[in-house]
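Proteins get letters first, then strands, A, B, ... in listed order; numbering begins at 1 in each.
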Amino acid sequence: MSLTPEDIRALVSAFEGSDWDEMSLQYGDTRLDLSRNGRAPQASATPAPAPSPAPVSAPAATTPSAPASIDAATPTPAAAPTSGPATNLPDGHRVTSPSLGLFWRSPQPGAPPFVEVGQQVGPEDTVCIVEVMKLMNHVKAGVAGTVVAINVDNGAMVEFGAPLVVIEPGE
Amino acid sequence: MAPLRRVLVANRGEIAVRIIRACIDEGIESVAVVSDADRDSMAAELADRVVCIGPGPSPESYLDIDRILAAATLTGCDGLHPGYGFLAERADLAEACTQNGIVFIGPSADAIRRGGDKVEARSLARSLDVPTGAGSDALTDVDEAERVATTVGFPVLLKAAAGGGGRGMVLVEQACDLRDRFSSASHEALQAFGDGRLYVERFVSRARHVEVQILADTHGNTVHLGERDCTAQRRYQKVVEEAPASFVPADIRARLHSAALDLARGLDYVGAATVEFIVDAITGDFAFLEVNTRVQVEHPVTEMLTGIDIVREQLRIAGGLPLSFRQEDVHLDGHAVECRLNAEDPAVDFLPSPGRVTRWIPPVGADVRVDSHVFGGYLIPPYYDSMIAKVITHGADRDATLAAMDRALSHLVVDGVQTNRQFLLDVIADPAFVAGEHHTRWVEQDFLPDWSPRTT
């Protein structure tokens, strides 16, 4: 399992477009360390493996939440990436997180996501899972309508009340 | 074990701020969990990171072990401090931390269980020749309760084995009431604590509440930091705490210190603990009451007297470091008093008074300390207990310390909510309190009937 040249180009491009100073990624047998402004990447700051089963997603829209490790010999444990800000969301019914936890788009790894943008849903349809310590909370749409936005990357941590999915109500 | 690098603060209010302060002083990163109602809290402001875990009501936030653990694991914490109350004495939280590779800043789950089971703790005390006072072990049978109560002599207290902290206690004044009270108390205990076992204890009508602060590390050091007198209580909730226990003879205090050390060692205790005793104000006898396997609300009293930072020591202990001092370095210097300022209305039976604090000006002074999470404009949420600040003063002797407390409370400004500020001023000025004649029921039985709130 390793990164393709296209993956690396996409990651570099995502990094360039972000306001991060450094990024360190381990994916399979590939390690990618990126930094800007003449800073040497902290090669010894090994991130903990992302919570399985999702691979680490390109953090284009997110800000790292873990304070940077200042002691290279004993790096602080890494933290799960968090969901993006709630600005720029289209109008509609916001499905918010019932708890702090991990956001999953699919019932299990490898399965198709519960919803995609453009999909019609009913109020009792599951739109995502918020996992709290292995307990999978199925989050329902709450209204009938069309999914117009999915605000969170698969596998990201969400806080209580964070907007997850936006649905434009209508039959 | 390695020194902690990032601690999850699994609490709120003033103790969350206190833990964050100790983390700052120890160079440890802090992650605060907040409920939706605490997003704008002082702890949220001070912590290195804050995560919102649930709605205001505690069962879906501060009392939810899964959400708390998720917060710790997802933010990369290697330690978790439970504070006091909430989940602080839940062995299942300690276990869940261990299972997830997080250091629980407190004793082992086993020590929590053994200390938290009041009957087992009494039995341990007896095995160590620590006096436990007349009473029984766990009873499920009302006939046995009747036999013990008759032997001990009425009035008796029926106490829940899984209770503690002033909860789960029923006074039975006459033999004819025992059978009914026993079955309702057992039922209530089952509802409240999941355990209907009760035990009988002789009721001491004039009691002083004296407790001993313990710290124990993983290097074999178990020390005491002296005692605290918490006799001024209203409905078993502490109102004023002080140290030393000036009205208890020195030889009794020394025996309390030894007994507390023996109990801590008997529990293989690691961390901060407080061993509580009841001292019969009439006979002078003392008896072990319970052990609290956590840091206590009133810990600042001991800190002011000893100069030792108990919460920092907790962080050090959890990181595998030895205590930063030895028993011979503990000096109890002068006197210290703490008053608990609550957002409550003494005119309406001390009903909690949440709302927005429009003005907050804490007192200042050379030996005044204020532990609080309140600031001007802060909205006190309705979901939690009403304590908004602890005001602590320190002086060369008790009179000087009480005079300093009078100045401090007189100059404390809190507008927008009702508080017990005037009540506290009147308690510490009362001749019975000043003379040390008060006992654990004094506030309700003797002070309050003659007291009325007034606007100044």
Side-chain angles (χ1 to χ4, degrees), chain A residues 24 44-52 54 56-57 62-83 85-86 94 96-104 129-137 139 152-164, chain B residues 1-8 10 23-24 27-39 44 47-80 92-93 95-97 99-103 319:
Chain A
S24 185
S44 56
T46 313
S52 63
V56 175
S57 50
T62 63
T63 314
S65 46
S69 175
I70 53 170
D71 179 355
T74 50
T76 27
T82 44
S83 60
R94 292 185 178 194
T96 61
S97 184
S99 175
L100 175 116
L102 284 174
F103 172 84
W104 300 118
I129 281 174
V130 172
E131 177 194 341
V132 186
M133 299 306 288
K134 311 283 185 253
L135 295 172
M136 306 297 165
N137 297 289
V139 183
V152 184
D153 292 328
N154 194 43
M157 185 181 86
V158 289
E159 297 184 39
F160 169 77
L164 306 175
Chain B
M1 237 190 256
L4 301 174
R5 298 192 64 84
R6 189 180 295 154
V7 164
L8 187 91
C23 286
I24 291 169
I28 298 172
E29 290 168 12
S30 55
V31 178
V33 293
V34 294
S35 72
D36 199 43
D38 282 334
R39 283 184 194 266
D48 290 303
R49 183 165 176 199
V50 56
V51 289
C52 182
I53 58 172
S58 306
E60 287 181 278
S61 50
Y62 301 104
L63 287 174
D64 188 319
I65 290 182
D66 287 328
R67 293 182 198 229
I68 299 273
L69 253 302
T73 53
L74 294 176
T75 59
C77 290
D78 54 358
L80 183 150
D92 47 352
L93 174 65
E95 259 160 7
C97 284
Q99 278 157 19
N100 285 277
I102 291 167
V103 174

* Asked: Where does B:Asp64 contact chain A at under 4.5 Å (heavy atoms): side chain, backbone, both or neither?
  -> neither
* B:Val50 to A:Glu159 - nearest heavy-atom pair and separation -> O-OE2, 3.8 Å
* side-chain contact (heavy atoms from CB on, under 4.5 Å) between A:Met133 and B:Ile65, worked out -> CA-CA 9 Å; A:Met133 299 306 288; B:Ile65 290 182; over 6 Å; no
* Asked: Under 4.5 Å between any side-chain heavy atoms of A:Lys134 and B:Asp66, yes or no?
  -> no
* Spatial distance of atom OG1 (B:Thr75) from atom CG (A:Leu100) [nearest 0.5 Å] -> 8.5 Å
* Asked: Do you know the tightest heavy-atom contact between B:Ala70 and A:Val132?
  -> CB-CG1, 4.0 Å
* To do: Considering only heavy atoms and a distance below 4.5 Å, find which of B:Ala2, B:Pro55, B:Ser61 pairs most often with chain A.
  => B:Pro55
* Which heavy atom of B:Arg39 sits nearest a heavy atom of A:Phe160, and at what distance? -> NH2-O, 2.8 Å
